[in-house]
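Proteins come first, then strands; the chains are lettered A, B, ... in the order of their sequence lines, and each starts at number 1. Fair warning: this is a prediction, and the values are worked out from it, not measured in the lab.
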Amino acid sequence: MSLKIYNSLTRQKEEFIPLNKGYAGMYVCGPTVSGESHLGHARPYITFDIVYRYLLHLGYKVRYVRNITDAGHFEEEGRAAEDKISNKAILEKLEPMELVQKYTNMFHWAMKQFNNIEPSIEPTATGHIVEQITMIEKIIADGYAYVNNGSVYFDVHKYNEDFSKKGMPYGILSGRNLEEQIETTRELDNQDEKRNKADFALWKNAPPEHIMRWKSPWGEGFPGWHIECSAMATKYLGAQFDIHGGGMDLQFPHHECEIAQSNVCNHIAPVRYWMHNNMITINGRKMGKSYNNVIKLSELFTGSHPMLEQAYHPMTIRFFILQSHYRSTLDFGNEALQASEKAFKRLWEAYENLLKIEVGNWQATDAELDEKINKQITEFTTFIEDDFSTAKVLANMFEIVPVINGIKNKQVALNTISSNTITLMQQQFKLYIENILGLQYEEENSEKLSGILQLLVDIRKQAKAQKDFVTSDTIRNELLRLGVQLKDEKDGTVTWSFV
RNA sequence: GGUCCUGUGGCCGAGUGGCUAGGCAGAGCUCUGCAAAAGCUUCCACACCAGUUCGAAUCUGGUCGGGACCUCCA
């Protein structure tokens, strides 16, 4: 078997063959830390976490680079405006790094909640101004950029002309034709510093009130939107690297510009496999600031948003995202999230029960079922290698869940399937659920709490024995109200889980 | 307007031309003091119209609907 990845550039699934045997380089566009992350942001980071985890599982030495965009326009309610007028005290001024720190911390916190593995390198744009300036100088030297009034712009037309001949026209990734674009945007002629509408900024001259500014050969200013990714990807992954990921909405112009910049500087197409995740929608519409339909992650985790019927655990979100394919849109809804919540709980409990089965050595009495389960488990790999079809992996797991629960409740005889199959199930469920899909479930379990619960369970048991159902039901119902669900097992024991 | 994607049962979603994905919700049954949990069974589907094909949710054309990008955007 081999890993197949859908390459946005070629628009087809391709076998993943790394540039350097045994090594994989992956760059994913990270967050702009000028605000809090929302549900939509969760998708790429969870999606590429799966990619990262799977590459690691395959034994690759992976360098996963995910940037933090901390340069640009920064403002926070109330403070940005103040900043321009009042320069009296340092503390009154908006300190950009303060915001950057705040939202970076929040981002990291959210990533941890989702159980995403930290990238190998998390470079910041402000930490790589020198590299960006060097890259811009190269582009100018090669004649693909021009300086105007302290700003530098990339000459898209010249690039397109020259690189079309090399089979890499501007628009190759997003499937756009530069000529057509000009047709459609002719009316809005360029009244600014750009020679052409399609040109994009590599460096921008900072107006006096702009807080973040750096010295450059062209005067004080700040880097353009696209150059940071090219500079940092080149620095840490090389002129050409394996995988570049990001949201579909970044395909144009961001990734298109990256390709152009890197092509000019490094004389090679920067990325071998472009991966783009689709959007999370809300009522069928992309979640985004401009649509005013954003649900922030902190709101999601606490349920503090008018559109939320309840709080949702980060793992519920992760599970929700994994239940769809990353290249499909995924529609948010309370009903859908509640479904994911229950489904995940069901899967996890079955998984725990599976691990508890003690394996000996026996043959299957139901060879057909045994074979079916073996096939379904083998397919975990088939599916994940087919462009990371996590939804199908989960579907197969759910097909097996009734068998596990059946064994646990003695509704299915243990030797229905062979001991070898059970061992395989235990190994593969653990591998996929925990390592590859990155799901986890931490129970609030202290000795003290278990002791108290066990006491209640015992009292209830006594009450039941005396047919004092008022007492026993009170214990059961009140515990449920507090979020503890008691389960009367077949063999008379009582277990509990937190809901 | 241009480019592209998409339309699956109450909801979310997989779907490689033939073999009912899966989850949640609903119904019935088993178990239970009653429940819950669990198991078993079950209802509900491929926007519409034509075409290709022995056979189409899956391919082609058209109609209608939804969306993304074209400006910062995950």
Sequence-aligned protein contact record of nucleotides 29-38 of chain B, with B where the base is within under 4.0 Å of a protein heavy atom and S where only the sugar-phosphate is: --S-BBBBSB
Of residues 335-342 of chain A, the positions that come close to RNA chain B - non-hydrogen atoms, cut-off under 4.0 Å: A:Glu335, A:Ala336, A:Ala339, A:Lys342
Between A:Asp331 and A:Thr329: side-chain donor-acceptor atoms closer than 3.5 Å: no
Euclidean distance for C1', B:rA47 against B:rC31 (whole angstrom): 44 Å
Ring geometry between A:Phe388 and A:Tyr326 (parallel below 30°, tilted from 30 to 60°, perpendicular above 60°): perpendicular
Minimum-distance nucleotide to A:Phe398 side chain [options: B:rC72, B:rG23, B:rA74]: B:rG23
Gap in Å between the two C1' atoms, one belonging to B:rC5 and one to B:rC43, rounded: 33 Å
Whole-angstrom distance between B:rU20 and B:rU60, as gauged at atom C1': 27 Å
Mate of B:rA45 where both pairing distances stay under 3.5 Å, Watson-Crick or G-U: none
Interatomic distance, A:Phe114 CZ vs B:rA74 C1' [rounded to whole Å]: 12 Å
Touch class at under 4.0 angstrom, heavy-atom based, for A:Gly284 against every strand present: sugar-phosphate
Between SG on residue A:Cys29 and NE2 on residue A:His255, distance to nearest 0.5 Å: 3.5 Å
Integer-rounded Å distance: B:rG13 C1' and A:Arg327 CZ: 15 Å
Options B:rG22, B:rA74, B:rA68, nucleotide nearest the side-chain atoms of A:Arg285: B:rA68
A:Asp331 side chain, from C-beta outward: closest of B:rC12, B:rG22, B:rC69: B:rC12
Spacing between A:Asn292 atom CG and B:rC73 atom P, to the nearest angstrom: 19 Å
Inter-nucleotide C1' distance (B:rG10, B:rU53), Å rounded: 35 Å
Phosphate-side-chain proximity, A:Lys392 and B:rU16, N/O vs OP1/OP2 below 4.0 Å: no
Touch class at under 4.0 angstrom, heavy-atom based, for A:Phe332 against every strand present: nothing
Touch class at under 4.0 angstrom, heavy-atom based, for A:Ile280 against every strand present: base
Phosphate-side-chain proximity, A:Ser328 and B:rA14, N/O vs OP1/OP2 below 4.0 Å: yes
A:Glu349/A:Lys345 salt bridge by N-O under 4.0 Å criterion: yes
Among B:rC69, B:rA74, B:rG22, the nucleotide that comes nearest once only the side chain of A:Met279 is considered: B:rA74
Residues, nucleotides or ligands: over 12 heavy atoms within 6.0 Å of A:Lys487 NZ: yes
Sugar-phosphate, base or nothing in reach of A:Phe383, heavy atoms under 4.0 Å: nothing
P atoms of B:rG62 and B:rC69, separation to the nearest Å: 25 Å
Distance, rounded to the nearest Å, where A:Asn277 contributes CG and B:rC69 contributes P: 13 Å
Ring-ring centroid check A:Tyr52 A:Tyr45, cutoff 6.0 Å: no
Short side-chain N/O contact to B:rG39 OP1/OP2 from A:Lys410, under 4.0 Å: no
Length of the line joining A:Gln323:CD and B:rC12:C1', which is rounded to integer Å: 8 Å
Sugar-phosphate, base or nothing in reach of A:Gly246, heavy atoms under 4.0 Å: sugar-phosphate
A:Phe320 ring center within less than 6.0 Å of A:Phe344 ring center: no
Sugar-phosphate only, base, or nothing, as touched by A:His276 at under 4.0 Å among non-hydrogen atoms: nothing
Base-pairing assignment for B:rG51 (Watson-Crick or G-U wobble, both under 3.5 Å): B:rC59
B:rU20: pairing nucleotide in any strand, Watson-Crick or G-U under 3.5 angstrom: none
Mate of B:rG1 where both pairing distances stay under 3.5 Å, Watson-Crick or G-U: B:rC70
Closest-nucleotide ordering on RNA chain B, the 5'-leading residue of A:His38 and A:Gly333: A:Gly333
Touch class at under 4.0 angstrom, heavy-atom based, for A:Tyr45 against every strand present: sugar-phosphate
Phosphate contact (B:rA14 OP1 or OP2) by A:Tyr326 side-chain N/O below 4.0 Å: no
Whole-Å P distance, B:rG22 and B:rG28: 22 Å
Interatomic distance where CG belongs to A:Leu250 and C1' belongs to B:rU71 [whole Å]: 13 Å
Same-atom distance (C1') from B:rU30 to B:rC24, integer angstrom: 23 Å
B:rG39: pairing nucleotide in any strand, Watson-Crick or G-U under 3.5 angstrom: B:rC29
Sugar-phosphate, base or nothing in reach of A:Met287, heavy atoms under 4.0 Å: base
Value in whole Å for how far the C1' atom of B:rC24 lies from CD of A:Glu309: 13 Å
Test of ring centre spacing under 6.0 Å for A:Phe301 and A:Trp109: yes
Touch class at under 4.0 angstrom, heavy-atom based, for A:Thr329 against every strand present: sugar-phosphate
Pairwise C1' distance, B:rG55 and B:rG18 [rounded to whole Å]: 6 Å
